[in-house]
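To start, the structure itself, in structure tokens.
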Number of protein chains: 2
Amino acid sequence: MEAPNYSVLPIIDLEYNPSPAGDRLLLNSPCEVCGDHSSGKHYGNYACDGCAAFFKRSIRLDRHYVCKRGNPGACPIDKVLQNQCRACRLRKCFEVGMKQEAVHPSLSIADVDQLLALKWLPSLTDIVLP
Amino acid sequence: MEAPNYSVLPIIDLEYNPSPAGDRLLLNSPCEVCGDHSSGKHYGNYACDGCAAFFKRSIRLDRHYVCKRGNPGACPIDKVLQNQCRACRLRKCFEVGMKQEAVHPSLSIADVDQLLALKWLPSLTDIVLP
DNA sequence: CTAGGTCACCGTGACCATC
DNA sequence: GATGGTCACGGTGACCTAG
Ligand SMILES: [Zn+2]
Ligand SMILES: [Zn+2]
Ligand SMILES: [Zn+2]
Ligand SMILES: [Zn+2]
């Protein structure tokens, strides 16, 4: 899941090496949320960078999602479908035991901006205000 | 579905007017793809700005999506679920009759860049190469 | 009117610095 | 090791102009 470096002209970078810093990833500890490769434990459980960042953002911004499909329990969450339903992705983060207490608050300007903007999000997204 | 202007500090813009240029939208001609308000016909059918732009981008970049859910015909496409499945959204664009011939090619640098980058997209997205 | 085009905005996740 | 943080990147859609 390591992405190529787009800042390098791809047509020239034919010698693209799929594991530049890929030794960061663990072979036998997949993400407990989506099954992708993890780079270790995050907030209590093995998680990929994506799920870890997603969990952090959700907690920081106090986001509550609603499953658009109305799935009571869970839309399937795997490395293919992972971004399809944020509500169920976050629920699964909690289900596998990721701990929100492990996410420390932050007071960066960017976060404040996002919190402010949050109040003006269109009402049709999957985000519900606290 | 008109979004507020985030460049204005939302906390100050309490007089936010939901129809700044909203007279652009038609009242009785919803988007035939997702049911959102349309601003007229696009590529042959009444379509909202979102579906029109989505259709244009897909044709320009010759994108072929695959339904992650493997729905043979169609995931439901409406203003709530519209972005959940691009494969089925595009299929519905064609089904209601949007015409790809109405999308003219463009040769901007940005498009070429996107076409190049396309070849390096991770294999786990819903995009399949032509 | 419907094309084409723009761009502010957002979510994502790979990567890095810090402890 | 696991935090916090960064930021390049791509997608989106509201809005604009051109014809
Ligand atoms: Zn994951
Ligand atoms: Zn769900
Ligand atoms: Zn639409
Ligand atoms: Zn689908």
Side-chain angles (χ1 to χ4, degrees), chain A residues 1-8 19-22 24-26 31 34 36-58 60-61 63 65 79 82-83 86 89 99 102-108 110-111 113-114 117-118 120-122 124-127, chain B residues 1-8 19-26 31 34 36-58 60-61 63 79 82-83 86 89 99 102-108 110-111 113-114 117-118 120-122 124-127:
Chain A
M1 292 285 279
E2 304 292 317
N5 182 359
Y6 291 116
S7 62
V8 179
S19 64
R24 220 169 35 88
L25 299 181
L26 306 180
C31 171
C34 75
D36 197 2
H37 297 298
S38 82
S39 59
K41 289 192 175 186
H42 295 277
Y43 313 110
N45 297 78
Y46 288 105
C48 64
D49 284 337
C51 290
F54 169 75
F55 186 74
K56 179 175 65 178
R57 279 194 300 268
S58 298
R60 284 264 176 79
L61 299 176
R63 283 204 162 157
Y65 309 107
K79 64 170 83 174
Q82 59 177 338
N83 292 331
R86 297 194 285 184
R89 189 185 192 186
K99 287 173 266 303
V103 179
H104 300 154
S106 117
L107 292 176
S108 79
D111 287 339
D113 281 349
Q114 287 193 50
L118 187 58
W120 294 89
L121 281 175
L124 291 172
T125 68
D126 58 341
I127 300 177
Chain B
M1 290 287 279
E2 304 292 317
N5 182 358
Y6 291 116
S7 63
V8 179
S19 63
D23 36 350
R24 220 170 36 87
L25 300 181
L26 307 179
C31 171
C34 76
D36 196 5
H37 297 298
S38 81
S39 59
K41 288 192 174 186
H42 295 278
Y43 312 109
N45 296 78
Y46 287 105
C48 65
D49 284 337
C51 290
F54 169 75
F55 186 73
K56 178 175 65 179
R57 278 193 301 269
S58 299
R60 284 265 175 79
L61 299 176
R63 284 207 158 154
K79 65 170 84 175
Q82 58 176 339
N83 292 332
R86 295 194 286 184
R89 190 187 192 185
K99 287 173 266 304
V103 179
H104 300 153
S106 116
L107 292 177
S108 78
D111 287 338
D113 281 349
Q114 286 192 51
L118 187 58
W120 293 88
L121 281 175
L124 291 173
T125 68
D126 58 342
I127 300 178

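Just so we're on the same page: letters track the sequence lines, and every chain starts at 1. For the numbers below, each heavy atom of this structure counts, side chains included, while hydrogens, waters and symmetry mates do not.
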### Message
So, does Y43(B) get its side chain near the phosphate of dG4(C), meaning an N or O under 4.0 Å from OP1 or OP2?
### Response
yes
### Summary
Closest heavy-atom pair, S58(A) versus Y65(A), reported as atoms and distance to 0.1 Å, is OG-OH, 2.9 Å
#### Entry: Side chain of D49(A) (C-beta onward), nearest among dG13(D), dA14(C), dG5(D)
dA14(C)
### Close side-chain approach of F54(B) and R86(B), heavy atoms under 4.5 Å
yes
### side-chain N/O R57(A) vs dT12(C) OP1/OP2, d < 4.0 Å
yes
#### Entry: Nearest-neighbour nucleotide for the F54(B) side chain, dG4(C), dT12(D), dG4(D) considered
dT12(D)
### Which atom of A47(B) lies closest to which atom of H42(B), heavy atoms considered
O-CD2, 3.2 Å
### Query
Quick one: R86(A) CZ to dG11(C) C1', roughly how many Å, whole number?
7 Å
### Summary
To the nearest 0.5 Å, atom SG of C31(B) lies from atom NZ of K79(B) at 10.0 Å
### Query
Which part of the nucleic acid, if any, lies within contact of H42(A), taking any heavy atom under 4.0 Å across all strands shown: a base, the sugar-phosphate backbone alone, or nothing?
base
### Query
Taking only N and O in the side chain of R89(A), is any of them less than 4.0 Å away from OP1 or OP2 of dG13(C)?
yes
### Query
Taking for each residue the nucleotide of DNA chain C with the nearest heavy atom, is it G40(B) or A53(B) whose nucleotide lies nearer the 5' end?
G40(B)
### Query
Nearest to the side chain of R63(B) - dG10(D), dA3(C), dT12(D)?
dG10(D)
### Query
When the distance from CZ of R60(A) to P of dG5(D) is rounded to whole Å, what number comes out?
5 Å
### Query
To the nearest angstrom, how far is F55(A) atom CZ from dG11(C) atom P?
17 Å
### Polar pair under 3.5 Å, donor/acceptor by atom type, side chain K56(B), base dG13(D)
no
### Query
Quick one: does R60(A)'s side chain have a donor or acceptor within less than 3.5 Å of a partner on F55(A)'s backbone?
no
## Note on the structure
Side-chain contact check for H104(A): nearest option of dG4(D), dG13(D), dA3(C) is dG4(D)
### Message
By the 4.0 Å heavy-atom rule, please label A52(B) as base, sugar-phosphate, or nothing.
### Response
nothing
